[in-house]
Amino acid sequence: MKLICIGRNYADHAKELKNEVPTEPVIFMKPDTALLPKRNPFFLPDFSDEVHHELELVVRINKIGKSIEEKFAHRYYDQVTVGIDFTARDIQAKCKEKGLPWEKAKAFDHSAPLGEWVDLGGRDIQNLNLELKKNGETVQQGNTNYMLFSVDRLIAEVSKYFTLKIGDLLFTGTPAGVSKVERNDRLEAYLDGERLLALNVK
Ligand code: MG
């Protein structure tokens with residue numbers, strides 16, 4: 001399985017990092033070794049001094065598909081959760097400066113913790129509230145309504161290039177409020193008020 005991630009999908013986050021608002025989705029990937037086994041703490045990697053949390057809606061693909069039309073994309077998922085796209089911002093800045101790929105900054109081991117899966121049910125995937133608390137204080141808050149590219153559009157775009165398989169995960173980008181995590185921080189992520197993910201930083 002693969003983790004397909006979208007960058008700069010909320011205008012307020014693109015602005016906070018002084019990036020241009022994209023005219024097409026920014027796509028990158030993480031390997032399955034980026035998943036964090038359940039109930040494990042996240043250990044800060046020693047190669048970075050600035051790991052940021054990025055709270056994101058994550059969609060689980062439930063059907064194989066290639067070149068999926070946007071209008072049919074909703075048939076390819078029925079479960080969602082929240083995840084964190086941990087990013088070594090200092091390494092990413094160096095990669096960006098040199099025009100190099102981001103993998104070292106984005107795709108390292110355990111950089112993609114996931115919450116518990118929930119059925120989307122009758123809910124509108126473009127009207128879900130996201131919230132991240134750090135040590136009990138809200139640091140990121142957003143609604144999927146503010147995505148620049150909807151989940152269905154992302155599935156259409158991504159599947160032009162990559163065949164989607166059952167169990168593939170789509171990280172859909174982060175709203176504003178990213179910040180550095182420190183040892184002993186506790187992160188708790190909520191979807192529509194329901195806590196789906198909690199982890200400790202070590
Ligand atoms: Mg991200």
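Model, not experiment: these values are computed from the prediction.
Considering only residues two or more places apart in sequence or on other chains, Asp168 meets the side chain to side chain donor-acceptor pair (under 3.5 Å) condition with Lys2. Thr172 is linked by a side chain to side chain donor-acceptor pair (under 3.5 Å) to nothing, counting only residues two or more places apart in sequence or in another chain.
Counting only heavy atoms from C-beta outward, the side chains of Thr87 and Thr174 never approach each other to under 4.5 Å. At least one side-chain heavy atom of Phe42 sits under 4.5 Å from a side-chain heavy atom of Val51. Side-chain contact between Gln92 and His52: absent, with no pair of heavy atoms (C-beta onward) separated by less than 4.5 Å. Here the side chains of Asn184 and Val201 are not in contact, with every heavy-atom distance at 4.5 Å or above.
Judged by distance alone, with hydrogens and angles left aside, the side-chain atoms of Asn9 form a donor-acceptor pair with the main-chain N or O of Phe149 at under 3.5 Å. Between the side chain of Ser159 and the backbone N or O of Ile68 there is at least one donor-acceptor pair closer than 3.5 Å. Here the side chain of Gln126 pairs a donor or acceptor atom with the backbone of Thr144 at under 3.5 angstrom. The main-chain N or O of Phe86 is never found under 3.5 Å from a side-chain atom of Ser111 such that the two would form a donor-acceptor pair. Remark: the backbone N or O of Lys106 is paired with a side-chain donor or acceptor of Lys30 at under 3.5 angstrom. Counting only distance, with no hydrogens or angles, the side chain of Glu56 and the backbone of Gly173 share a donor-acceptor pair below 3.5 Å. When atom types are taken as modelled, the side chain of Thr138 and the backbone of Lys133 share no donor-acceptor pair closer than 3.5 angstrom.
Across Lys134, Gln140, Glu50, a single residue satisfies side-chain hydrogen bond (donor to acceptor under 3.5 Å, both in side chains) together with Ser179, and that is Lys134. Screening Leu196, Leu128, Val118 for a side chain to side chain contact (heavy atoms under 4.5 Å, CB included) with Val82, the sole residue that qualifies is Leu196. Among Glu116, Glu188, Glu131, the single residue meeting the side-chain hydrogen bond (donor to acceptor under 3.5 Å, both in side chains) criterion with Arg195 is Glu188.
Within the model, atoms CD1 of Ile4 and CG of Leu154 stand 10.0 Å from one another, a figure rounded to the nearest 0.5 Å. Note: Lys202 NZ to Asp185 CG = 10.5 Å, rounded to the nearest 0.5 Å. Distance OG1/Thr81 to CG/Leu120: 12.0 Å, rounded to 0.5 Å. We find the CG-OG1 distance between Leu36 and Thr33 to be 12.0 Å, quoted to the nearest 0.5 Å. For the atom pair CG of Leu44 and CD of Glu182, the computed distance is 8.0 Å after rounding to the nearest 0.5 Å. Taken from CG in Asn143 to CG in Asn129, the straight-line distance is 4.5 Å, to the nearest 0.5 Å.
For Asn200 and Arg186, the side-chain atoms include at least one donor-acceptor pair closer than 3.5 Å. Asn145 and Asn127 are not linked by any side-chain donor-acceptor pair at a separation below 3.5 angstrom, with hydrogens and angles left out of the test.
Minimum interatomic distance between Phe108 and Ala105 (heavy atoms only, all atoms of both residues): CE2-O, 3.3 Å. A pairwise comparison of heavy atoms in Leu197 and Gly83 identifies CD2-CA, 4.4 Å as the closest pair. Heavy-atom minimum distance, Leu55 versus Ala189: CD1-CB, 3.7 Å. Minimum interatomic distance between Pro101 and Cys95 (heavy atoms only, all atoms of both residues): O-SG, 3.3 Å. Residue Tyr10 comes nearest to Pro175 through the heavy atom pair CD1-N, 3.6 Å, listed as atom of the first residue, atom of the second, then distance.
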For residues 19-28, tabulate all N or O donor-acceptor pairs below 3.5 Å that involve a side-chain atom, not counting sequence neighbours.
residue, atom, partner, partner atom, Å
Asn19, OD1, Arg8, NH2, 3.4
Asn19, OD1, Lys96, NZ, 3.3

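Other residues, nucleotides and ligands contribute at most 12 non-hydrogen atoms within 6.0 Å of the NZ atom of Lys94. More than 12 heavy atoms of other residues, nucleotides or ligands shown are found within 6.0 angstrom of CG on Asp109.
Cluster membership for Phe43 and Phe47, using ILVMFWY side-chain heavy atoms within less than 4.5 angstrom, is not shared. Under the 4.5 Å side-chain heavy-atom criterion for Ile, Leu, Val, Met, Phe, Trp and Tyr, Tyr190 and Leu187 are members of distinct hydrophobic clusters. Transitive grouping of hydrophobic side chains (ILVMFWY, heavy atoms separated by less than 4.5 Å) keeps Leu199 and Val178 in distinct clusters. Residue Val151 is grouped with residue Tyr146 when hydrophobic side chains (ILVMFWY) are merged at heavy-atom distances under 4.5 angstrom, including chains of intermediate members. Under the 4.5 Å side-chain heavy-atom criterion for Ile, Leu, Val, Met, Phe, Trp and Tyr, Phe162 and Ile6 are members of the same hydrophobic cluster.
Other cluster members for Leu35: Met1, Leu3, Val58, Leu114, Trp117, Leu169, Phe171, joined by side-chain heavy-atom distances under 4.5 Å among Ile, Leu, Val, Met, Phe, Trp and Tyr.
Counting only residues at least two apart or in different chains, side chain to side chain donor-acceptor pair (under 3.5 Å) contacts with residues 57-72 comprise Asn62-Asp78. Residue pairs meeting the ring-ring contact (aromatic ring centres under 6.0 Å, His included) criterion with at least one partner in residues 53-78, sequence neighbours excluded, are absent.
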